[in-house]
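Structure first, then comments.
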Number of protein chains: 2
Amino acid sequence: MDFVSFQKQFDLALKKAQTFVFFCECSIQYSGRAEAFLDRGDRLILIKQDKTMQIHQPEGSTPINYMKAGGELKLQRENKHYSLKAYHPGDKDYLDIEIYKMYDCLTRKLEDGQKLELVGTERDMSDWIMQNPTSISKDFKPLSREEHTKFGFIDVFGHDREGNLVIVECKRYTANLDAVTQLRRYVEKIIELKGVKKVKGILASPTISPNAENMLKKWGYTWVRVVPPKRLERHNKKQHSLGDF
Amino acid sequence: MDFVSFQKQFDLALKKAQTFVFFCECSIQYSGRAEAFLDRGDRLILIKQDKTMQIHQPEGSTPINYMKAGGELKLQRENKHYSLKAYHPGDKDYLDIEIYKMYDCLTRKLEDGQKLELVGTERDMSDWIMQNPTSISKDFKPLSREEHTKFGFIDVFGHDREGNLVIVECKRYTANLDAVTQLRRYVEKIIELKGVKKVKGILASPTISPNAENMLKKWGYTWVRVVPPKRLERHNKKQHSLGDF
DNA sequence: TACTACATCTCGCAT
DNA sequence: ATGCGAGGTGTAGTA
């Protein structure tokens, strides 16, 4: 593919807010929050209508280089090849792509107003605990699932029959050291703010790493096994077609 | 584009370990670590030679759905449309894409043996501190930059003239509450393992959030302003071409 | 804008 | 395989 027709496609795609994807041989220089250089090789480059850009190598889930939305893009001739420059004012990020060979490109206006319906998040887990308090303990009375309020970002907050305040931190997967220190921070914050000492810290997760459990015990907190719910209502009835694999 | 030729391209691309990208109208169902559903809309789908797959909506940096490497892919006819199913045994992840319209596709074998050279990471920052110990304090004597060793993941470890052990935790950006709790964990671990009490905790970062600084002071640790170096040697000489923007 | 925490995080490294 | 932490993390939600 020649550069001139590439440039036409590129300009048109940006003007019409299309999604633009192409294969090329390029080298890449990044400068901003860090600095990076990627020597010559074949890559796929994807540019969306919001001017996000990502460069993909032939393997791996994550782009090897990218620019976030809110930047500017410019394609220009430079000596024997083309140069695609991106600049993001907010992050002060620069990306320079030197394009040696253009292979193919594809462009299309995508119409998509849908949003992902997702269940099985940490929020779903804390909702479920609110509705099933005995999963924490027999006498646990949840008061609130306060996220961004006065006491911070506690997943589930309540009390028990002995008058203890109870703080529950949820983790969807194996709870680790970070989860324990996070819980500890919340418990200490409550003790400080409320001026009380009867505060219980509970870590709720399907599993916990040995180190995390040791630390948890050492600080007097407890772990409760809770498996997060993750069934979409609309898919409950359909059985998954496992037969295909 | 008709489905039959699409299927041929798809099979060939997978067989030849090519990178395969196409535009289509589809709906998506995900089940595994969580559950998700995305109703009908136009998307770009990218499949790489390692069988990673990602579905992109017309905006945003991150794919709305994806599958990691190590899975299986299968395209098959299903009633009036096609269905692209993916299964990842390790994660027990299922992804079903129902394709209503195929627009265009592009496939190519990408040759790329390059790896990203990156500087300005937390490791570079701790290296720099090792070589410039006075950035921490006048009498700081670094002993080691131990990452994955017996004492844990301490960025820089050393001592001062008064015989204190000194633990430095580096953050490349604004240090937050997490950074402080992380430092605290390391300090307490050292106190426990070494059986000493003269341990100083230092958080090194270019900036620190107010909450984090409060907590740091409360626990008796200190913050040192360190701006991480991030210039690639090879790019030191070239001045960045800011003129283009 | 800054701060906080989640994420189907991904990725690499060490045990 | 699991545990742990970094990441140019990105993204959402809130003060």
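Proteins get letters first, then strands, A, B, ... in listed order; numbering begins at 1 in each.
Here A:Asp127 pairs with A:Arg145 under the salt bridge (charged side-chain N to carboxylate O under 4.0 Å, His left out) rule; sequence neighbours left out. Applying the ring pair (Phe, Tyr, Trp, His ring centres under 6.0 Å) rule to A:Phe22 yields the partners A:Phe6, A:Phe20; only residues at least two apart in sequence or on another chain are considered. Not counting sequence neighbours, A:Asn132 has no partner by the side chain to side chain donor-acceptor pair (under 3.5 Å) test. Not counting sequence neighbours, B:Trp128 has no partner by the side chain to side chain donor-acceptor pair (under 3.5 Å) test. Judged as a side chain to side chain donor-acceptor pair (under 3.5 Å), and not counting sequence neighbours, the contacts of A:Thr207 are A:Thr174. The side chain to side chain donor-acceptor pair (under 3.5 Å) check on A:Tyr66 picks up nothing, with sequence neighbours excluded.
With B:Tyr173 contributing its side chain and A:Arg33 its backbone, the two residues share a donor-acceptor pair below 3.5 Å.
Proximity note for A:Arg33 (side chain, C-beta onward) versus D:dT9, C:dT8, C:dC3: the nearest is D:dT9. For A:Ser209, the listed nucleotide lying nearest its side chain is D:dC4; candidates were C:dT8, D:dC4, C:dT4.
Counting any heavy atom pair closer than 4.0 Å across all strands shown, A:Met125 reaches no nucleic acid atom. Residue A:Asn65 is classed as a base contact, given a heavy-atom separation below 4.0 Å to a base. As judged by a 4.0 angstrom heavy-atom cut-off over every strand, B:Ile154 is placed among residues making no nucleic acid contact.
Look at CG on B:Asp155: it is 11 Å from P on D:dG5, rounded to the nearest Å. In this structure, B:Tyr66 atom OH and D:dT9 atom C1' are separated by 13 Å, rounded to whole Å.
For the side-chain contact (heavy atoms from CB on, under 4.5 Å) test with A:Ile47, the passing option among A:Leu73, A:Thr52, A:Val21 is A:Leu73; the others fail.
Judged as a salt bridge (Lys or Arg N to Asp or Glu O under 4.0 Å), the pairs with a partner in residues 40-58 of chain B (not counting sequence neighbours) are, in order, A:Asp112-B:Arg43, B:Glu25-B:Arg40. For residues 200-228 of chain B, the pairs satisfying salt bridge (Lys or Arg N to Asp or Glu O under 4.0 Å) are A:Glu192-B:Lys218, B:Asp160-B:Lys200, with sequence neighbours left out. For residues 170-184 of chain B, every residue pair satisfying the salt bridge (Lys or Arg N to Asp or Glu O under 4.0 Å) rule, not counting sequence neighbours, is listed here: A:Arg185-B:Asp178, A:Glu188-B:Arg184, B:Glu122-B:Lys171, B:Glu169-B:Lys171, B:Arg184-B:Glu188.
Of the residues near DNA chain C, B:Met67 and A:Gly90, the one whose nearest nucleotide (by heavy atom distance) lies more toward the 5' end is A:Gly90. Nearest-nucleotide positions on DNA chain D for A:Ala34 and B:Tyr186 put B:Tyr186 closer to the 5' end.
Below the 3.5 angstrom threshold, one finds a donor paired with an acceptor across the side chain of A:Asp93 and the base of D:dG8.
For the pair A:Phe153 and C:dA5, the ring geometry does not qualify as stacking, because the centroid separation below 5.5 Å and plane angle under 30° are not jointly satisfied.
Residues of residues 169-185 of chain B having a heavy atom closer than 4.0 Å to DNA chain D, listed by number: B:Glu169, B:Lys171, B:Arg172, B:Tyr173, B:Gln182, B:Arg185. Contacts between residues 218-225 of chain A and DNA chain D, defined by a heavy-atom separation under 4.0 Å, are absent.
Between D:dA6 and D:dG10, the distance separating the two C1' atoms is 14 Å to the nearest Å. Straight-line distance between the C1' atoms of C:dT10 and C:dC6: roughly 14 Å, to the nearest whole Å.
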- Task: Go through B:Leu75 and B:Tyr82 one step at a time and tell me if the side-chain contact (heavy atoms from CB on, under 4.5 Å) criterion holds.
- Result: CA-CA 7 Å; B:Leu75 179 69; B:Tyr82 268 48; 3.8 Å; yes
Could you list all N or O pairs between the protein and nucleotides 11-15 of chain C that sit under 3.5 Å apart?
{"residue": "C:dC11", "atom": "OP1", "partner": "A:Ser61", "partner atom": "N", "Å": "2.8"}
{"residue": "C:dC11", "atom": "OP1", "partner": "A:Thr62", "partner atom": "N", "Å": "3.3"}

